[in-house]
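What follows is a single structure, written as structure tokens, with notes after it.
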Amino acid sequence: QAKKSGKNKSCFFSPEMNLQLRQALELEADIRAALTKAEFFLVYQPIIDLASGNIASVEALVRWRRSDGHIMAPDLFIATAEQTGLIVQLGEYIFKESCAQLRRLRDSGHEITMSINISPVQFQAEGIVERFTEFLHEFSVQAHWIQLEITEALLLDDYSENIELIQTLSDMGFKIAIDDFGTGYSSLSYLRKFPVDVVKIDKTFIEGIPVNIENVALVKAIIAMAKSLQLSVIAEGVEAEAHHDFLCDLQCNRAQGYLYSRPVDACDLNLSQYPVRAAIKQQIS
Ligand code: C2E
Ligand code: MG
Ligand code: MG
Ligand code: MG
């Protein structure tokens, strides 16, 4: 890229790049330290079964409590964690903590499942299957209670190795979900080649529904396609009742978004007396 810019030809690191590099190095050191200081924690966002109005699942989402008390969102550190390989250690923590939380939810009588985001970089690391197996045993959690959320990118690079690994995880019982569906280099053929169970329609497609006719057409097409392949569909970013009604009409399976709940701390997850649940249920019936 440096070559293309024409000016600055002789200067490999422009001042801005130098600053960026220093910031990235600082962030890397901070993430490394945060892992040892246990500054990462998980919040959970309910996923609603639209037919019943019940909470079917929760998605674990990572947060970083900095030493000054500031809570940092994943968009600001996941990319660096991926580039430095630190996502492998962070991802193990996330998987383990999700299993621990799922065990607590199951112990309190909820037949709930857990969605866990997995970075493509974690697939490159040795021993991911072994580590996941250990954590399942440690918390007596069954693989089929867990959905692994992967992105379309994973299905494209290093094709053959990834397909094997995803197949292994699927054979173990994990449900495989394609996150942010429609935003990548969507090739529908991979939905047949990979053992995919669920597609999650990206929130950018839910925005503006039902006024935005392009999004309406896209969401209809995705749901129809998923149904014909017998995949389950989750809509992300459901913020308005109009979104909810539209998705119910199309018989979308599940939905997730601020309309139902923001991601919350585990202690604030009240699955049996969820405030929005009754309201949503009434709407449906
Ligand atoms: P994602 O997996 O697609 O997660 C959904 C994101 O949408 C979450 O942002 C969630 O808080 C947000 N969201 C949920 N409902 C709504 C809504 O109604 N409106 C809007 N505008 N947003 C909504 P979050 O927690 O900031 O996470 C951002 C991304 O960071 C995630 O996107 C995922 O790609 C990544 N991420 C988060 N947690 C993890 C993790 O534990 N591991 C890995 N590898 N990536 C993670
Ligand atoms: Mg996700
Ligand atoms: Mg998503
Ligand atoms: Mg996303």
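For ligands, and for the atoms within them, numbers begin at 1 and follow the listed sequence. Just so it is clear, the values below take in all heavy atoms, side chains as well, and ignore hydrogens, waters and symmetry mates. We're numbering straight along the sequence, starting at 1. Just so we're clear, the structure is a prediction, and the values are computed from it rather than from any experiment.
The contact set between ligand 1 and Glu239, taken as ligand atoms under 4.0 Å from a residue heavy atom, comprises 17 (C), 18 (O), 19 (N), 20 (C), 21 (N). Here is the list of ligand 1 atoms found below 4.0 Å of a heavy atom in Asp75: 28 (C), 29 (C), 30 (O).
Looking at Ile94 against ligand 1, only its side chain comes within 4.0 Å, counting heavy atoms. When heavy-atom distances to ligand 1 are checked against a 4.0 Å cut-off, Arg63 comes that close only through its side chain, counted from C-beta outward. The side chain of Asp180, and not its backbone, has at least one atom closer than 4.0 Å to an atom of ligand 1 (non-hydrogen atoms only; side chain from C-beta on).
Under 2.8 Å from the Mg ion (ligand 2) lies no N/O/S atom of Glu236, from backbone or side chain alike. Counting backbone and side-chain atoms alike, Ser115 contributes no N/O/S atom closer than 2.8 Å to the Mg ion (ligand 2).
The closest approach between any non-hydrogen atom of Lys200 and ligand 1 is not below 4.0 Å.
Taking the ring axis of Phe41 as reference, the NZ or CZ atom of Arg65 stays within 45° of it and closer than 6.0 Å to the ring centre.
Within a 6.0 Å sphere centred on CD1 of Ile213, heavy atoms belonging to other residues, nucleotides or ligands number 12 at most.
A donor-acceptor pair shorter than 3.5 Å can be found between the side chains of Ser52 and Asp49.
For the pair Lys203 and ligand 1, the shortest N or O to N or O distance falls below 3.5 Å.
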